[in-house]
Amino acid sequence: MKDKSFTRKFVPAAQSLQAMKKGMVILIKFLFYTLTHPIDGFYEIRHHGKGSIGLSLLTVFFCGIAYCINKRYANFLVNPADTREVNSLLYVFTIFVLFFLFCIGNWSVTCLMNGEGRMQDIITATGYALLPIPLLFLPATLLSQIVTADEMIFYYLLINLSILWGVLLVILSNMVIHNYTLTKEINTLLLTVAAMIIILFIILLFYSMFRQMIGFVKSIYTELIFRV
């Protein structure tokens, strides 16, 4: 009886774990599918609900990790940064801030320009589009340790290729999920950058006002304490 009871409990759990593994494999395969078939991949994200926001954010996290590793371990010939002062948490946090600023700014602009993409589509597609950065930054960092000064061109080739590939995928992702032409997409990206600056300015303005308000309240509290 105990064996049967254990079997009844174990089999569904094992099946659920197996289904979870298969689902994760499918998501990862689709993530790499967008690298070689970006138009079809981003179309699937927008119109068939494929892709995962969680996997998109994980890709952004790996971008931050790859950048930190590059700043800390790349050869001094190509890395002027002081490795002792590299703040990994700050780099990762900054990349996430820029990512969400772009997504919010892009959503704000495309809402006014008849864009078809939803916020979840923008987050998923943009995160997927950044995959070339961690894929090529890590080999470039390793390559910088084994090539000579005259061969550093291969390091810069990988770094520039990852950035250009990522930018191209971001442009294609926005074109597909919003159903834009190339000209309208370029205009949208320029407006998105302007929106990012405006949003950042508003955030800093409110932060400054909040600090001043806290300082004002503290000064009143201190004065009341001394008077009492």
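A donor-acceptor contact shorter than 3.5 Å links the side chain of Tyr180 to the backbone of Met113. Listed for the Ser144 side chain is a donor-acceptor partner under 3.5 Å among the backbone atoms of Asn75. Within the 3.5 Å criterion, the main-chain N or O of Leu31 finds a donor-acceptor partner in the side chain of Thr34. Judged purely by atom type and a 3.5 angstrom limit, Asn174 uses its side chain to pair as donor or acceptor with the backbone of Val170. Thr222 places a side-chain N or O within 3.5 Å of a backbone atom of Lys218 that can act as its donor or acceptor partner. A distance-only check finds no donor-acceptor pair linking the side chain of Arg46 to the backbone of Ala125 [under 3.5 Å]. When atom types are taken as modelled, the side chain of Asn87 and the backbone of Leu90 share a donor-acceptor pair closer than 3.5 angstrom. With hydrogens and angles ignored, the 3.5 Å screen pairs no side-chain donor or acceptor of Asn106 with any backbone N or O of Phe102. Judged purely by atom type and a 3.5 angstrom limit, Glu151 uses its side chain to pair as donor or acceptor with the backbone of Thr148. Here the side chain of Tyr128 pairs a donor or acceptor atom with the backbone of Ser52 at under 3.5 angstrom.
Criterion: ILVMFWY side-chain heavy atoms under 4.5 Å apart, direct or through other members. Under it, Phe62 and Leu89 are not part of a common hydrophobic cluster. One hydrophobic cluster, built from ILVMFWY side chains closer than 4.5 Å, cannot hold both Leu135 and Leu157; they sit in different ones. Side-chain heavy atoms closer than 4.5 Å link hydrophobic residues (I, L, V, M, F, W, Y) into clusters, and following such links, even through other members, never connects Ile65 to Leu98. Note on Phe61: it clusters hydrophobically with Ile95, by side-chain heavy-atom contacts below 4.5 Å among ILVMFWY residues. Criterion: ILVMFWY side-chain heavy atoms under 4.5 Å apart, direct or through other members. Under it, Tyr73 and Val147 are part of a common hydrophobic cluster.
When side chains are defined from C-beta on, Leu138 does not count as touching Leu142, because their heavy atoms never get closer than 4.5 Å. Under the 4.5 Å side-chain criterion, counting only non-hydrogen atoms from C-beta, Ile133 is in contact with Leu130. A heavy-atom distance below 4.5 Å is found between the side chains of Pro132 and Leu169. Side chains of Thr181 and Lys184 form a contact here, defined as non-hydrogen atoms less than 4.5 Å apart. Looking at heavy atoms from C-beta onward, Leu35 lies in side-chain contact with Trp165 at the 4.5 angstrom threshold. Annotation: side chain of Ile177 is not in contact with side chain of Arg118 (no heavy-atom distance under 4.5 Å). Counting only heavy atoms from C-beta outward, the side chains of Arg72 and Ser88 approach each other to under 4.5 Å. Counting only heavy atoms from C-beta outward, the side chains of His178 and Thr188 never approach each other to under 4.5 Å.
Nearest heavy-atom pair, Ser56 versus Gly127, reported as atom, atom and distance to 0.1 Å: OG-CA, 3.0 Å. Scanning both residues, Leu101 and Met196, for their nearest heavy atoms gives O-CG, 3.4 Å. Across all their heavy atoms, Thr141 and Ala74 have their closest contact at CG2-N, 3.8 Å. The shortest heavy-atom contact between Asp121 and Ile45 is OD1-O, 3.6 Å. When all heavy atoms of Cys68 and Val92 are compared, the pair lying nearest together is SG-CG2, 4.0 Å. Scanning both residues, Ala129 and Phe42, for their nearest heavy atoms gives CB-CZ, 4.2 Å.
More than 12 heavy atoms of other shown residues, nucleotides or ligands fall within 6.0 angstrom of atom OH in Tyr91. Annotation: Met209, atom CE; neighbour count of heavy atoms from other residues, nucleotides and ligands within 6.0 Å does not exceed 12. Open room surrounds CD1 on Ile39; 12 or fewer heavy atoms of other groups in view lie less than 6.0 Å from it. For Leu205, the CG atom is densely surrounded, since the number of other residues' heavy atoms within 6.0 Å is greater than 12.
Distance CD1/Ile53 to CG/Leu58: 13.5 Å, rounded to 0.5 Å. Rounding to the nearest 0.5 Å gives a distance of 10.0 Å between CE of Met175 and CG of Leu189. Here CH2 of Trp107 is found 14.5 Å from OG1 of Thr126. Values are rounded to the nearest 0.5 Å. To the nearest 0.5 Å, atom CG of residue Leu158 and atom CG of residue Asn70 are 11.0 Å apart. Rounded to the nearest 0.5 Å, atoms CG (Leu27) and NZ (Lys29) are 11.5 Å apart. Taking CZ from Phe100 and CD1 from Ile123, the interatomic distance works out to 5.5 Å, rounded to the nearest 0.5 Å.
Ring geometry, Tyr67 versus Phe137: the interplanar angle falls from 30° to 60°, so the pair is classed tilted. Between Phe96 and Phe99, the ring planes lie perpendicular to each other; the angle is over 60°, past the 30° to 60° tilted range.
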